[in-house]
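Note that ligands are numbered from 1 as they come in the structure, with each ligand's atoms numbered from 1 the same way. The first residue of the sequence shown is numbered 1, and numbering continues consecutively from there. Quick caveat: nothing in here was measured; it's all calculated off a predicted structure.
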Amino acid sequence: MKKVALIALAVSLAACKSQQPKTVETADVMDYANSITSEELKEHLYIFASDEFEGRDTGEPGQKMAAEYLKKEYKALGIPSPLGGDDYFQEVPGSYFTRGTVKDTENVVAFIEGSTLPDEILVISSHYDHVGIDDQGRIYNGADDDGSGTVAILEIAEAFKKAKEDGVGPKRSILFLNVTGEEKGLVGSKYYSENPIFPLAQTVANLNIDMIGRIGEGMEDAGDYVYLIGSDKLSTDLHELSEMVNNKYLNMNLDYTFNDENDPNRFYYRSDHYNFAKHDIPIIFYFNGVHEDYHKHTDTPDKIEYDLLEKRAKLVFLTAWEVANRAERPFVDKPTLTEEQ
Ligand SMILES: [Zn+2]
């Protein structure tokens, strides 16, 4: 009798526990991080960096195909555009470009609205354009630059969407920003920063990914590494958050070599995040460093380290989760760094 009562109690307690609604605080973030897989990244990248996309030169047919691919994927995931309806493209007019003649082009945008702080926006960005075809007819597939960052964003978007479907969507809103014209001088991100869809003052941070699929020069023995650039330049808070997330979940080797102000490469000023940083928005730039196929027709999807790409994409997702969900937005405590002319 007593035993039966105890069993009944145990059963009812178990039922009670399973009925408690999941919250962002009680959810296991790794359930969502683990939806980012090397297999899916590879599947996307073999299409996105295929010859069919003709090197995704800004304004050219290959770039338009790439834009349509991203739109199709966001729609399939059920992630809407912040522009409303079926329009996932922020038009960037050819006349906006100052280097050479460029046709009209577009940034691709998708949006997950925050549950409790919807007016605060985290931007996760990568450029999806590349340099096209050379005069010998060779296609520059740009698998690493920046197909890797672009397919990572698709997987990160999917992970946040799954969380939202489970009732644990991000508290702040997330804008997935696939920018065009990077190879023409960071033009798509500059256009966004001058024509923002959401006010820059409400944009809490930018996580920018440009090349995370390869092992860079001299890093053969660095294990699961990624270069982080800019994390502490405006916000000590964002830097500490990023370190905490890595220590808690992944323990990757975060390398700050290129974060040094005296580093001659000056990467902080050389990808799309700079168009946010110059407006005092804290950024982190994720990068694998250059390698022998950088800006060559040999930057192809067969050379990508898919397991490493998966880990790096997870790091960006987990960092984004923390930025989107914690009580306060990253606090800016340092002055703007302006590029010397
Ligand atoms: Zn790039």
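Annotation: Phe331, atom CZ; neighbour count of heavy atoms from other residues, nucleotides and ligands within 6.0 Å does not exceed 12. Other residues, nucleotides and ligands contribute more than 12 heavy atoms inside 6.0 Å of the CD atom of Glu194. Counting non-hydrogen atoms of neighbouring residues, nucleotides and ligands closer than 6.0 angstrom, the CD atom of Glu328 reaches no more than 12 such neighbours.
The Zn ion (ligand 1) has His127 NE2, Asp145 OD1, Asp210 OD1, Asp210 OD2 as its protein N, O or S neighbours under 2.8 Å.
Separation of atoms CZ (Phe287) and OG1 (Thr257) is listed at 11.5 Å; rounding is to 0.5 Å.
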Step by step, would you call Tyr227 with Tyr225 a ring-ring contact (aromatic ring centres under 6.0 Å, His included)?
CA-CA 7 Å; Tyr227 289 113; Tyr225 84 96; 5.5 Å; yes

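A salt bridge links Lys311 to Asp224: at least one charged side-chain nitrogen sits closer than 4.0 Å to a carboxylate oxygen.
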